[in-house]
Amino acid sequence: MKMLKVIFKNALRHKLRAFLTIVGIAIAVVAFGVLRTVVTAWNAGVESSAANRLVTRQAISFIFPLPYAYREQVLKVQGVETVTWANWFGGTYIDKNQFFARMAIDPETFFEVYPEFKLTKQELENFKKEQNSCVLGRDIATKYNLKIGDIMNIDGDIYPGNWEFVVRGIYTPRDKNTDLTQMLFHWKYIDERLRKEMPGRAGEVGWYVTKIKNPNQSSAISEEIDNLFKNSRAETKTETERAFQQGFVTASGAIIGAMNFMSFVIIGIIMLVLGNTMIMSARERTQEYAVLKTLGFSGGHLIAFIGGESMVIAIIGGIVGLSLTFPLVNGIGMVIPKGFFPVFNIETSTLILAGISALLVGVAASIFPIFKALHTSIVDGLQHIG
Amino acid sequence: MTPLVQVKNVVKIYKRDKLEIPVLQNISLDVPEGEFLALMGPSGSGKTTLLNLVSGIDQPTSGSIIVAGTDIAKLNESALAKWRSRNIGFVFQFYNLMPVLTAYDNVELPLLLTNLSKKEKKERVEMVLKVVGLADRMDHYPKQLSGGQQQRVAIARAVVSDPTLIIGDEPTGDLDRKSAEEILILLERLNQEFKKTIIMVTHDPHAAERARIIHHLEKGEFK
């Protein structure tokens with residue numbers, strides 16, 4: 001206990017310097033936490049992908065539709081359990097700044113394929129019954145203060161015209177990283193209106209999502225699905241949901257890579273800040289270390305004293321930094337448009353990484369001062385002050 | 001009776017780059033147990049070097065140094081550290097107290113290396129602080145004490161683990177006459193009342209008079 005007391009007192013000996021170092025570490029930990037949160041938010045779609053879901057899209061590009069008729073054929077492929085589909089609707093709600101995903105889906109199969117979107121039995125029944133109904137993610141409902149029975153008017157762009165929807169359900173998450181920022185409504189509602197107004201665009205599906213029985217067969221099933229439509233007017237590309245989501249992320253790969261790089265540069269900066277403090281402290285205390293050695297304290301004791309000091313500062317800085325990261329990330333999460341980062345939470349892995357980084361920095365920053373203290377002879381150390 | 005300290009044919013040569021600087025030249029010295037010895041000499045005469053060798057914080061180039069039956073020239077770094085903690089009490093010219101610790105904590109420092117219980121440590125620290133007349137200042141930090149008081153704390157730290165030998169390197173060198181006198185009286189008392197063997201380096205003839213034996217060093221040899 002006395003040793004700890006000495007370590008703590010020495011760590012906080014120069015209060016202003018210790019304070020500034022702790023603040024420096026805390027700021028770096030906050031910056032690291034926020035950057036990593038942005039990176040993980042970017043990858044949230046990939047992380048929330050299910051292994052038993054395959055996505056089938058037009059082989060040339062995601063923006064080209066597939067025929068609705070493909071559904072029956074995909075369903076017949078061995079190993080396929082359910083097939084659902086969706087169309088990206090786009091449109092404007094209130095104004096163009098209010099961005100969130102709006103998708104036309106099949107209510108009968110969608111929630112079977114996506115069990116992480118939780119609706120009450122009653123809500124699901126009501127949604128299925130009413131063709132112009134919609135369901136909203138909890139975050140979107142909260143943001144726009146929308147309740148069951150409220151009307152939402154969407155001004156269509158990909159599907160021109162004014163579209164009116166009645167809110168019949170607000171889905172909640174099964175998992176921590178479930179996207180709660182989507183608006184889902186009947187594909188049939190869109191399709192039937194298209195049949196009347198733009199018949200050439202009716203019967204089109206944006207993409208199919210296939211739930212398979214055995215994830216280990218995903219390659220074989222994907223290949224079989226794509227073979228079904230080879231040499232057709234709309235060839236397909238089927239891949240796992242993870243690979244599909246990864247495709248979106250890869251498009252922003254350079255930015256994410258830069259953010260990742262920056263987060264680790266920050267760790268380097270912390271190391272320099274703390275390392276500088278420790279080197280200054282150790283140099284000032286060369287004489288004290290010599291006195292401790294004279295009294296009989298061993299090399300191990302000096303390692304504990306110097307390393308302990310460094311760790312105390314790193315740990316305090318790390319704790320302060322992590323404590324500030326939570327409110328800051330929550331604040332950023334509230335400011336950025338909900339649809340931009342559907343899931344914006346601090347991952348446990350980010351906390352662990354920041355914590356471990358702070359500890360490693362504490363260890364690394366003390367290596368040189370420890371080496372110096374151990375290799376300075378007592379006589380030289382005592383003369384340092386004399 | 002075997003002397004407590006036996007210095008035999010000790011040579012110490014410092015190497016600075018390619019230059020060899022002989023500091024002690026074939027020195028021999030016996031210090032009986034319970035003695036109070038003063039080492040005097042001009043700057044550069046080698047008295048502090050001899051003190052460093054006897055206290056095991058430096059190693060001779062050749063020769064042997066036997067303290068309380070142990071040839072310390074043959075001990076390695078870690079064995080020497082253990083040996084020092086058990087056998088040597090240091091009093092430095094500039095006190096060398098830890099500024100972040102109170103007088104009590106400073107005195108307790110050497111006891112952190114022992115297996116004494118918390119209660120035993122407390123009793124010992126309080127006892128030695130009482131001996132040096134600072135029982136009422138044990139919660140004070142070094143900066144709250146005068147130079148003389150700080151040196152008395154340093155003496156308490158030096159004797160708290162009941163060492164075989166007390167080493168003083170100019171213990172009055174940084175003090176005014178009155179404080180220096182108090183420190184010398186204290187060292188005399190440790191020697192006479194508590195039978196402690198003391199080797200002290202000093203420039204001050206007045207301080208050296210307190211010792212029972214005075215040796216003069218000049219250019220690395222006893223005069």
Side-chain angles (χ1 to χ4, degrees), chain A residues 1-19 277-278 280-306 308-310 312-313 370-386, chain B residues 12 14 16 23 43 48-49 51-53 55-59 76-102 104-114 118 121-122 125 141-142 154 157-158 160-161 163 167 169-170 173-174:
Chain A
M1 280 309 286
K2 279 281 172 180
M3 294 271 199
L4 277 180
K5 186 178 170 182
V6 174
I7 289 168
F8 265 93
K9 290 208 162 194
N10 272 331
L12 306 174
R13 179 186 289 205
H14 292 284
K15 291 195 170 47
L16 181 62
R17 186 161 73 197
F19 172 75
T277 301
M278 287 311 299
M280 277 198 286
S281 295
R283 193 171 48 221
E284 285 166 7
R285 256 179 272 160
T286 305
Q287 164 248 339
E288 276 181 37
Y289 298 141
V291 171
L292 286 173
K293 283 199 225 175
T294 305
L295 295 179
F297 285 88
S298 64
H301 288 113
L302 287 189
I303 292 170
F305 280 131
I306 302 169
E309 253 183 70
S310 182
V312 164
I313 292 176
I370 285 173
F371 180 85
K372 196 95 198 309
L374 293 181
H375 288 83
T376 302
S377 73
I378 297 177
V379 174
D380 288 342
L382 291 173
Q383 279 173 352
H384 191 79
I385 41 117
Chain B
K12 180 68 184 177
Y14 283 115
R16 292 283 180 263
V23 182
S43 295
T48 296
T49 301
L51 207 66
N52 291 341
L53 295 175
S55 56
I57 62 174
D58 201 0
Q59 294 281 37
N76 63 26
E77 195 66 37
S78 102
L80 258 180
K82 256 186 202 158
W83 178 85
R84 279 195 304 271
S85 72
R86 287 177 191 150
N87 293 283
I88 305 291
F90 284 88
V91 183
F92 302 96
Q93 181 179 356
F94 298 104
Y95 337 125
N96 287 0
L97 300 175
M98 300 272 278
V100 289
L101 300 181
T102 61
Y104 181 98
D105 290 335
N106 264 292
V107 174
E108 196 190 17
L109 260 184
L111 298 184
L112 299 183
L113 302 170
T114 67
K118 201 175 168 185
K121 284 178 190 164
K122 188 170 185 283
V125 173
Y141 287 90
R157 182 180 66 184
V160 73
S161 54
I167 298 286
D169 188 2
E170 302 268 14
D174 194 46

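The structure displayed is predicted, hence computed values, not measured ones. Just so we're on the same page: letters track the sequence lines, and every chain starts at 1.
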Chemist: Check ring pair (Phe, Tyr, Trp, His ring centres under 6.0 Å) between B:Phe92 and all other residues, then give those that pass, not counting sequence neighbours.
Modeler: B:Phe90
Chemist: Please determine, among B:Leu101, B:Ile57, B:Asp169, the option with the most heavy-atom pairs under 4.5 Å with chain A.
Modeler: B:Ile57
Chemist: Flag yes if more than 12 heavy atoms outside A:Phe8 fall under 6.0 Å of its CZ atom; otherwise flag no.
Modeler: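 Atom CZ in A:Phe8 is not crowded, with 12 or fewer foreign heavy atoms closer than 6.0 Å.
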Chemist: Which bit of B:Leu113 is near chain A, if near means a heavy-atom gap under 4.5 Å: side chain, backbone, both or neither?
Modeler: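 When you check distances to chain A, only side chain atoms of B:Leu113 fall under 4.5 Å.
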Chemist: Testing the basics here: between A:Leu302 and A:Lys293, what is the closest heavy-atom pair and its distance to 0.1 Å?
Modeler: CD1-CE, 3.6 Å
Chemist: With sequence neighbours excluded, tell me which residues meet salt bridge (charged side-chain N to carboxylate O under 4.0 Å, His left out) with B:Glu108.
Modeler: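 B:Glu108: salt bridge (charged side-chain N to carboxylate O under 4.0 Å, His left out) contacts with A:Lys2.
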Chemist: Just give me the residue among A:Leu292, A:Leu295, A:Ile378, A:Thr294 that pairs up with chain B most often, heavy atom to heavy atom, under 4.5 Å.
Modeler: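 Winner by heavy-atom pair count: A:Thr294.
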Chemist: Top residue by heavy-atom pair count (under 4.5 Å) with chain A, among B:Ser78, B:Ser161, B:Pro99?
Modeler: B:Pro99
Chemist: Which answer fits B:Leu80, side chain, backbone, both or neither, if we ask what part of it has an atom under 4.5 Å from a heavy atom of chain A?
Modeler: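 When you check distances to chain A, no heavy atom of B:Leu80 falls under 4.5 Å.
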Chemist: Output the option from B:Val100, B:Ile88, B:Leu97, B:Leu112 having the highest count of non-hydrogen pairs under 4.5 Å with chain A.
Modeler: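 So the answer, after comparing B:Val100, B:Ile88, B:Leu97, B:Leu112, is B:Val100.
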Chemist: Is B:Arg157 close to chain A through its backbone or its side chain, or both, or neither, when contacts mean heavy atoms under 4.5 Å?
Modeler: side chain
Chemist: Quick check: do A:Thr286 and A:Asp380 have side-chain heavy atoms less than 4.5 Å from each other?
Modeler: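 A:Thr286 does not reach A:Asp380 side chain to side chain.
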Chemist: Between A:Arg13 and A:Glu288, is there a side-chain N and carboxylate O pair less than 4.0 Å apart?
Modeler: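 Answer for the salt bridge query: yes.
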